[in-house]
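Please read these numbers as outputs of a predicted model, since none were measured by experiment. Positions are given from 1, in the same order as the sequence printed here.
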Amino acid sequence: MSRRILLSNAVVVTMDAERRVIHTGSIGIDNDTIAFVCETGAEPVEWRHVETWDLAGRVVIPGLINTHTHAAMTLLRGYADDMALMEWLEKKIWPFEAHLTPDDVYIGALVACAEMIRSGTTVFADMYFHMEGVAKAVAESGIRASLSRGLIGTAAQAGEDDEALREAVRFCERWQGGANGRITTCLAPHAPYTCPPPFLEKVVDAASAHDLSIHTHISETKDEMAQIARTYGGSPVKYMLRHGVFKRPTLAAHCVHLDDEDIDILADNAVAVAHNPGSNMKLASGVAPVTQMRDRGVAVGLGTDGASSNNNLDMIEEARLAALLHKAVLFDPTAIPAMDALAMATIDGAKALRMDDLVGSLEAGKQADLVVLSTRRPNMAPLFDAVSNIVYSSNPGDIEHVLVRGEFVLRDGNIVAFDESRAIEEFRSRAERLAREAKS
């Protein structure tokens, strides 16, 4: 059954090629698609009597795109903080994760979906394990996701590693295009330091055979740089290039420690980058050379990383951090303007995930993924510049509605598709059990 909705009288931030801000604008939604974006009063005549939402006093932006996270790590939020990355992983995170069950991952991911929806995210790129549970949560919540099973290779467990790769391929075959097209899939070799050459090349061969892209971590810490240089020679970027990873469309998370040659390699091979300023600051990993990458034409989106290293999944905060961080380290107040920060959270994130033909901006023909924020709370007044207010002043409490494919996933501040309170109650119980098991 066809359904049309007209959103009118809103400030509309399109994030299209012109980066228009329409101060009194309308958006026509025809089923799951944006039919038009225009000044209010200029709508096609046949749209003037459809279901209309008067959004005076609101701003409408494209849905935010989280290009790198580990959704079910919400279960580890606050479990181990203020530690160096490798100590944090080896002594706290991996022992905790050893006790995770598929049901734990499902409920962790479902609560993560609620948190992301409440903070305006409509797409996230996830790398973890027990990914059937994550896919189930995505399908239930109404959000979009690019999903991948994290892959680690060790010479001592070659048989198990190969089975993990086969499992990852089977997952991709089952879920590509799942949840009515809201799920895409890829392969995820975890990082250069966890994937030796023979295993990494197997992953690349599988990605080529099944026409899959790759999601990985690259150049996150100085320790990683030293380990790769010592073991293989060169940088992590050059290591991945040497073993064919960039033959496949690649999303590289972090990319903190890069030299000019590394940046050229990323640009020349159309490698997209997920910048995670909050996580990189909290783990003291460093500051990615984002302005240099953007100047070379690298698609740089934003990611939260997992809630155990951030400690939230708030993409508005991530845009703010990106804008502030690079101003501070470059001593340049113009380094990442508010409009660029919002672009990194929307259209540039869509480019990084290679879905900018579908989402990332508000324009005719794209999917109706959008966020409605109120401007009536104290932190949003006055509204001299809507984009500035969104990046520097807003928070998830300002978000009233979120739509994915023209369907409400948040309506009047309430999660639509599932019982959020019940999910959080079960989530707390499972997190407490896992913490006890990890310490026993």
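Met73 contributes atom CE, which lies 6.5 Å from atom OG of Ser309 (distance to the nearest 0.5 angstrom). Between the CG atom of Leu302 and the CZ atom of Arg320 there is a distance of 12.5 Å, given to the nearest 0.5 Å. Rounded to the nearest 0.5 Å, atoms OG (Ser394) and CD1 (Ile399) are 7.0 Å apart. Considering CD1 of Ile415 and SG of Cys113, their distance stands at 9.0 Å, rounded to 0.5 Å. Here the CZ atom belonging to Arg296 is positioned 13.5 Å from the OG1 atom belonging to Thr291, to the nearest 0.5 angstrom. Residue Leu370 holds its CG atom at 5.0 Å from CG of Leu403, rounded to the nearest 0.5 Å.
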- Kindly indicate, with the supporting measurements, whether the criterion side-chain hydrogen bond (donor to acceptor under 3.5 Å, both in side chains) is fulfilled by Asp54 and Asn9. CA-CA 6 Å; Asp54 186 345; Asn9 293 315; 3.3 Å; yes
- salt bridge (charged side-chain N to carboxylate O under 4.0 Å, His left out) assessment of Asp262 paired with Lys238: CA-CA 7 Å; Asp262 289 333; Lys238 297 177 183 69; 2.8 Å; yes
- Task: Dump the intermediate steps for side-chain hydrogen bond (donor to acceptor under 3.5 Å, both in side chains) on Glu43 and Ser26, then the final yes or no.
- Result: CA-CA 7 Å; Glu43 304 89 351; Ser26 292; 2.6 Å; yes
- Verify side chain to side chain contact (heavy atoms under 4.5 Å, CB included) between Arg144 and Thr184, making sure each step is shown before the conclusion. CA-CA 8 Å; Arg144 294 182 193 269; Thr184 59; over 6 Å; no
- Task: Tell me, with the steps shown, if Thr101 and His130 meet side chain to side chain contact (heavy atoms under 4.5 Å, CB included).
- Result: CA-CA 7 Å; Thr101 69; His130 296 316; 5.6 Å; no
- Task: Could you go through the side-chain hydrogen bond (donor to acceptor under 3.5 Å, both in side chains) check for Asn311 and Lys282 one step at a time?
- Result: CA-CA 9 Å; Asn311 287 15; Lys282 184 167 180 283; 3.1 Å; yes
- Task: For side chain to side chain contact (heavy atoms under 4.5 Å, CB included), just list the numbers for Thr216 and Leu251, CA-CA rounded to whole Å, side-chain angles, deciding distance to a tenth of an Å, and then say yes or no.
- Result: CA-CA 6 Å; Thr216 188; Leu251 172 66; over 6 Å; no
- Could you please spell out the steps behind the side chain to side chain contact (heavy atoms under 4.5 Å, CB included) verdict for His243 and Val204? CA-CA 8 Å; His243 295 289; Val204 173; over 6 Å; no
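Open room surrounds CG on Asp260; 12 or fewer heavy atoms of other groups in view lie less than 6.0 Å from it. A 6.0 Å sphere centred on CD of Glu39 holds more than 12 heavy atoms belonging to other residues, nucleotides or ligands. Counted within 6.0 Å of CZ on Arg170, heavy atoms from surrounding residues, nucleotides or ligands total more than 12; the atom is thus considered enclosed.
A salt bridge does not link Lys92 with Glu87: every distance from a Lys NZ or Arg NE/NH1/NH2 to an Asp or Glu carboxylate oxygen is 4.0 Å or more. With respect to the salt-bridge test (charged N to carboxylate O, under 4.0 angstrom), the residues Arg430 and Glu426 qualify. In this structure, Asp369 does not pair ionically with Arg405, as no charged nitrogen and carboxylate oxygen lie closer than 4.0 Å. Ion pairing of Arg149 with Glu167 is present here, as a side-chain N (NZ or NE/NH1/NH2) and a carboxylate O approach within less than 4.0 Å. Using a cut-off of 4.0 Å between Lys/Arg side-chain N and Asp/Glu carboxylate O, Asp356 and Lys366 are scored as not salt-bridged. Salt-bridge formation is detected for the pair Glu115/Arg77: a Lys NZ or Arg NE/NH1/NH2 atom is positioned less than 4.0 Å from an Asp or Glu carboxylate oxygen. Ion pairing between Arg376 and Asp398 fails under the 4.0 Å rule for side-chain N and carboxylate O. Checked for salt-bridge contact, Arg3 and Asp30 miss the test: no charged N lies under 4.0 Å from a carboxylate O. Using a 4.0 Å cut-off between a side-chain N of Lys or Arg and a carboxylate O of Asp or Glu, Arg19 and Asp340 qualify as a salt bridge.
A side-chain contact (heavy atoms from CB on, under 4.5 Å) with Trp175 is found for one member of Val134, Val138, Thr185, Leu147 and no other, namely Thr185. Just one of Arg377, Arg58, Arg118 meets the salt bridge (Lys or Arg N to Asp or Glu O under 4.0 Å) condition when paired with Glu400; it is Arg58.
In this structure, Arg248 and Ser213 have side chains that are not in contact, with every pair of non-hydrogen atoms separated by 4.5 Å or more. The shortest side-chain heavy-atom distance between Val273 and Leu266 falls under the 4.5 Å cut-off.
Taking the centre and axis of the six-membered ring of Phe408, the NZ or CZ atom of Arg411 falls inside the cone set by 45° and 6.0 Å.
Residue Thr69 comes nearest to Thr304 through the heavy atom pair OG1-OG1, 3.5 Å, listed as atom of the first residue, atom of the second, then distance. Nearest approach of Val256 to Ser285, heavy atoms of both residues: CG1-O, 3.6 Å.
A ring-centre distance under 6.0 Å is found for His70 and His217. Taking the six-membered ring for Trp and the full ring otherwise, His326 and His275 have centroids separated by under 6.0 Å.
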